[in-house]
Amino acid sequence: MSVADRDLWSSLPVPAVIIAPDDGIVDINSAAEGFLNASARSVKGVPVWDLIAVNDPLERAFERARETGTPLFVNDVDIGSGQRAPMQSDLQVAPLVGREGHMILMISPRELAGRMTQNNSVKAAAKSAIGMAEMLAHEIKNPLAGITGAAQLLSMNLDAADLELTDLIVAESRRIVKLLEQVEQFGNLTLPDFRPVNIHDVLDRARRSALLGFGAHMKIVEDYDPSLPLAHGDPDQLLQVVLNLLKNASEAAGQTQGTIRLHTYYEHSFRLRRADGSGQSLPLQIEIIDDGPGLPESIRSDVFEPFVSGRENGTGLGLALVSKIISDHGGWISVSSVPGRTIFKISLARAPKDATLHLAEES
């Protein structure tokens, strides 16, 4: 492959695989390395259908496309690998011109496009809902304080049998106040204080905090890329994001000991194109992977929207807050979930070189 061809191959924005006549993998591009979480060298010669799992039997149609020299298009199939949960994608297969029997397979994940469209359509509605909730929170907290105080006064003159009722009033009032404070926190979150951030320091702080509290029953495994450059973000807000995700994973496991894996890696080909046409490179990848029961299918596609929760007493604001913080960072968060494996993936920009140099000079 010439230098020009290699540059073109590496620049393809979608995962692409070149397949030999015996169905062994000849090469994969940078986007496919990220999608499959494997290097081109490690998969060379591996049978393609051993590495790429498709929920529809495509081998016969693939062979027919090879024999007739015609392209094959398959839409809305779940494609995954041993390293990641299936993702709904479109699949394109075509003969490779000039190389008899060789095929090129391209995978177009629909998750990013679908989520971007969905997020844009619900953003205004979510903003209005949160604004209304903030106003109601302020108005409701005042009478709740009066109800709580009245119940406490009443309890002074009641016998033990009736105390249970006033205790219930106080407890429920405090629970509602806590919920209202979460709503206010969601609406009042300040913009990030950007600086160069060692994401591994953030993950380690969150891990230690979780193991001392809500995640004491969990096993948290670190799987870091030690060469990961500094991120561009607010360390305190990013810590809040990771803590929320760790707490969700710990609560999903119940009282049984589950395992959470904190995985970081660099994916230089990951770029997010925004509605205004501008592009943003987001090469720093953080994955929080748990082996819990997975997200309920009914909320899987809406899990980052406000007031959507899979727990009986959940507020539906935790993951919405996480999404808001990552969005304010100019980053991207996604989730893939099947029973036994849920992955929250955060993509962030790296710190500008001048900010990194300035930090090095100060230290």
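Aromatic pair Y224/H263: centroids not less than 6.0 angstrom apart.
Under the salt bridge (charged side-chain N to carboxylate O under 4.0 Å, His left out) criterion, D201 pairs with no residue, sequence neighbours left out. Residues passing the side-chain hydrogen bond (donor to acceptor under 3.5 Å, both in side chains) test with T70, sequence neighbours excluded: T68. Remark: S250 engages no residue in a side-chain hydrogen bond (donor to acceptor under 3.5 Å, both in side chains) (not counting sequence neighbours).
Looking at L245, I343, T342 one by one, the single match for side-chain contact (heavy atoms from CB on, under 4.5 Å) with I288 turns out to be L245. Considering V26, V43, I25 in turn, I25 is the only one that fulfils the side-chain contact (heavy atoms from CB on, under 4.5 Å) rule with V48. Partner of T259 under the side-chain contact (heavy atoms from CB on, under 4.5 Å) criterion, out of I289, D290, D291: D291 alone.
With respect to the salt-bridge test (charged N to carboxylate O, under 4.0 angstrom), the residues E63 and R66 qualify. The pair E267-K345 meets the salt-bridge criterion, since a charged nitrogen lies less than 4.0 angstrom from a carboxylate oxygen.
Looking at S209 and L243, their side chains come closer than 4.5 Å, going by heavy atoms from C-beta outward. Using a 4.5 Å cut-off on side-chain heavy atoms (C-beta onward), L238 and I199 make contact.
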Set out, in order, the CA-CA distance, both residues' side-chain angles and the distance that settles side chain to side chain donor-acceptor pair (under 3.5 Å) for S39 and E33, then state yes or no. CA-CA 5 Å; S39 68; E33 287 182 318; 5.2 Å; no
What's the verdict on side chain to side chain contact (heavy atoms under 4.5 Å, CB included) for L203 and R207, showing C-alpha distance, side-chain angles and the deciding distance? CA-CA 6 Å; L203 292 171; R207 180 187 63 84; over 6 Å; no
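Of all non-hydrogen atoms in S108 and V14, the two that sit nearest each other are OG-CG1, 4.2 Å.
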